[in-house]
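Report on one structure; see the data block that follows.
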Amino acid sequence: MASGREKVISILDASAVLPIRPPVRPLFGLKNEQLSELAAELAVPAYRARQLAQALYRDWAATLDDITTLPQSLREKLTRAGYSIALPEIAETFKSIDGTERYLIATADGQTVETVWMPEGDDGEEGDGSDAGDEEASGHHDATICVSSQIGCAVNCQFCLTAKLGIIRNLTAGEIAGQVVTVLKRHNARIGRDRINLVFMGMGEPFLNYDAFMDAVRLLVDEVCIAESRMTVSTSGIVPGIERFAAEPVRPKLAISLNASNDKVREEIMPITRKWDIGDLMDAVRKLPLRPRERVTFEYVLLGGVNDQPKHAAEVVRLIRRANLPAKVNLIAWNPGPGIPYAMPSAEDVTRFQQHLIDNGIPAFIRRPRGRDIYAACGQLKQTVEV
Ligand code: SAH
Ligand code: SF4
């Protein structure tokens, strides 16, 4: 038998190993109006809707039976009508030596999504205003949760493992917000005491599942009570999505996966550039009304020999200067994945790139790869099971 060290991670269709659960009418994910409609349908007083919201989003009840504020007759009525809480469940946990945990979270239709818990953040929040006005952290959790928005992804970035899956389906708002609550429950985290950041940077392109993604954000802000200033969404550059996002009264911070310093390289590594080029992208980003101290993050995955040379750094400086907005750059050394024909950048090229940006007045951070050993790092998310 292989020892733990020799275990191989092989990539399988996880639906083959997860039982398909019968379809349910999930309560988790319903917004206030929908809960009120449900109360009306069941001919129970309107305040029952508030009690349900409290149980779902503040108390994180697992089953209807846990909701003791509701009379048993109502719980039975809900069950008979096919309702259940249907909070997503952790099907499998992979633990990294660096404290990162990656979860396969089972959806009701037997698919899995990936969510990552990173203690002490991922270094990507520095300098973007998210620590503005914080009290001394008094809690014992200081963590970032990386949330998926789709199963698979349609965008086809050449360096990303998730792209290999293609798009399987969109997640619902309940499945997106549910990942967060499921992981918070696992760690006995408490909102208000613990410092929890959310990054919508898991599997999928959030702006190609815009409505469910924003519904999830509103649930997490209004009901779960996580401040939107602690949330960041990353997009590969879906221009209509960025434009809608700019009009949102409540929204996470924005990160753009720039990843290349000119259209030629970007087209090669991110074919979506043929639809919206860097100019279109920058025009859309400039329309975003920024909050005080807010910066737009540009993520830049360094691919050895492809986009990591001094001339590329100089082009990035020019691009960001021309955009003329408060910005910062998160540099991510490419995380390898099976069958992806790129090379990791050298440590010298990474620091030289960063220094070039800093010398030109652009805040630049190197994102520490988290959980690389368990395929939890950026762009490594793909349904994997250990054999
Ligand atoms: N689809 C969204 C969000 C998920 S990807 C987006 O593309 O922005 C999150 C980040 O991981 C992106 O910045 C992406 O460029 C980066 N990424 C993808 N594959 C990677 C890899 N193999 N190594 C390092 N970063 C990667
Ligand atoms: Fe999709 Fe983001 Fe991966 Fe591109 S980098 S394929 S947009 S998940």
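Counting starts at 1 for both ligands and their atoms, following the listed order.
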- request: Can you sort out which atoms of ligand 1 are near Ile332, meaning under 4.0 Å from one of its heavy atoms?
  value: 24 (C), 25 (N)
query: Which ligand 2 atoms, with their elements, are less than 4.0 angstrom from a heavy-atom of Ser236?
result: 7 (S)
message: Among Ala154, Cys157, Ser149, which one puts a heavy atom closest to atom 4 (Fe) of ligand 2?
response: Cys157
field: Atoms of ligand 1, numbered as shown, that sit under 4.0 Å from any heavy atom of Gly202
entry: 4 (C)
- request: Ignoring angles and geometry beyond distance, decide whether Gly204 reaches within less than 3.5 Å of ligand 1 through its nitrogen or oxygen atoms.
  value: yes
query: Under the criterion side chain to side chain contact (heavy atoms under 4.5 Å, CB included), which of Val147, Leu219, Thr115 is the partner of Val180?
result: Val147
- prompt: Taking Asn209 for the side chain and Ser149 for the main chain, is one N or O donor matched with an acceptor at less than 3.5 Å?
  reply: yes
message: Considering Thr297, Leu258, Val301 one by one, which has a heavy atom nearer to atom 17 (N) of ligand 1 than any of the others?
response: Val301
message: Please check this pair: side chain of Ser148 against backbone of Met203, looking for a donor-acceptor N/O pair closer than 3.5 Å.
response: yes
- prompt: CE/Met118 to SG/Cys146 distance, rounded to the nearest 0.5 angstrom?
  reply: 5.0 Å
query: Taking heavy atoms and a distance under 4.0 Å, where does Thr235 meet ligand 1: side chain, backbone, both or neither?
result: backbone
message: To the nearest 0.5 Å, what is the distance between OG1 on Thr69 and CG on Leu52?
response: 7.5 Å
- prompt: Does any N/O atom on Met201 come nearer than 3.5 Å to any N/O atom on ligand 1?
  reply: no
- request: Taking only Lys NZ, Arg NE, NH1 and NH2, and the carboxylate oxygens of Asp or Glu, determine whether Arg352 and Asp349 approach each other closer than 4.0 Å.
  value: yes
- request: Flag the pair Asp109 and Arg169 as a salt bridge only when some basic side-chain nitrogen lies within less than 4.0 angstrom of an acidic carboxylate oxygen.
  value: yes
message: Other residues, nucleotides and ligands only: do more than 12 of their heavy atoms fall within 6.0 Å of NZ on Lys185?
response: yes
message: I'd like to check which ligand 2 atoms, numbered from 1 as shown, lie under 4.0 Å from a non-hydrogen atom of Ala163.
response: 6 (S)
- line: Any heavy atom of Glu299 under 4.0 Å from ligand 1? The part involved is side chain
query: Backbone or side chain, does Cys153 get an N/O/S atom under 2.8 Å to atom 1 (Fe) of ligand 2?
result: yes
- prompt: What atoms in ligand 1 come closer than 4.0 Å to a heavy atom of Asn259?
  reply: 15 (O)
query: Given Gly237, Ala333, Ser257, Cys153, which has its nearest heavy atom closest to atom 13 (O) of ligand 1?
result: Ser257
message: For ligand 1, which is the ligand I care about here, please tell me if Asn335 has any N or O atom under 3.5 Å from one of the ligand's N or O atoms.
response: yes
- request: Decide if the gap between the ring center of Tyr57 and the ring center of Phe28 is smaller than 6.0 angstrom.
  value: yes
field: Residue Glu205 vicinity, atoms of ligand 1 by number, heavy atom under 4.0 Å
entry: 1 (N), 2 (C)
- request: Determine whether Phe353 and Ile358 fall in the same hydrophobic cluster, where Ile, Leu, Val, Met, Phe, Trp and Tyr are linked whenever their side-chain heavy atoms lie under 4.5 Å apart.
  value: no
